Amino acid sequence: HLDIPRKTTDLVSFIPWISPVLIGTYFMHKSLFNIKITNNIISNKLAYLGRHSLAIYLIHQPIMYGAMLAISKL
């Protein structure tokens with residue numbers, strides 16, 4: 001008999017977390033921060049990760065669950 005949890009741990013309320021997104025969008029739209037990033041290896045790697053964050057998230061999920069399954073079977 002498997003108990004189904006009544007509340008998930010990955011579901012978060014939308015309301016408190018939309019404000020940082022909107023504030024950041026406003027600041028960048030109004031150009032309140034003139035951030036100049038130099039082009040080096042670290043910034044290039046971080047930019048790559050940012051551009052492909054959805055793919056990284058979707059790929060790491062089955063790998064993580066597979067590893068957890070393998071560990072639990074040991």
Side-chain angles (χ1 to χ4, degrees):
H1 175 303
L2 183 64
D3 289 330
I4 299 174
R6 298 199 184 278
K7 187 175 182 183
T8 64
T9 57
D10 63 343
L11 181 62
V12 184
S13 177
F14 177 73
I15 297 300
W17 295 107
I18 191 64
S19 57
V21 172
L22 294 176
I23 291 169
T25 304
Y26 172 78
F27 282 158
M28 293 314 288
H29 177 72
K30 293 295 184 181
S31 298
L32 296 177
F33 298 119
N34 290 327
I35 300 172
K36 303 291 184 218
I37 299 175
T38 59
N39 217 1
N40 60 28
I41 189 97
I42 295 172
S43 64
N44 290 341
K45 298 281 184 192
L46 288 174
Y48 178 82
L49 292 174
R51 281 193 304 270
H52 298 92
S53 60
L54 178 61
I56 292 168
Y57 175 76
L58 292 175
I59 290 168
H60 101 278
Q61 288 292 318
I63 293 170
M64 183 181 68
Y65 281 111
M68 292 297 126
L69 180 66
I71 290 171
S72 71
K73 296 293 181 183
L74 292 177

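The chain is numbered in sequence order, starting from 1. Every heavy atom of this structure was used, including side-chain atoms; hydrogens, water molecules and symmetry mates were not. No experiment lies behind these values; they were computed from the predicted model shown.
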Could you give the side-chain donor-acceptor pairs of residues 43-57 under 3.5 Å, partners two or more places apart or in another chain?
| from | atom 1 | to | atom 2 | distance (Å) |
| --- | --- | --- | --- | --- |
| Ser43 | OG | Thr38 | O | 2.9 |
| Ser43 | OG | Asn40 | N | 3.1 |
| Ser43 | OG | Asn40 | O | 3.1 |
| Ser43 | OG | Asn40 | OD1 | 3.1 |
| Asn44 | ND2 | Asn40 | O | 3.2 |
| His52 | ND1 | Tyr48 | O | 2.9 |

Common cluster, Met68/Ile63, ILVMFWY with side-chain heavy-atom separation under 4.5 Å:
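No; tracing contacts between hydrophobic side chains, which count when under 4.5 Å, never links both residues.
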
Mind checking side-chain contact (heavy atoms from CB on, under 4.5 Å) for Lys73 and listing every partner two or more places apart, or none if nothing turns up?
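By the side-chain contact (heavy atoms from CB on, under 4.5 Å) rule, Lys73 matches Leu69.
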
What residues, two or more places apart in sequence or in another chain, satisfy side-chain contact (heavy atoms from CB on, under 4.5 Å) together with Met64?
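Residues passing side-chain contact (heavy atoms from CB on, under 4.5 Å) with Met64: His60, Gln61.
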
Does the pair Ile23 and Phe27 meet the rule for a side-chain contact (heavy atoms from CB on, under 4.5 Å), with working shown?
CA-CA 6 Å; Ile23 291 169; Phe27 282 158; 3.6 Å; yes

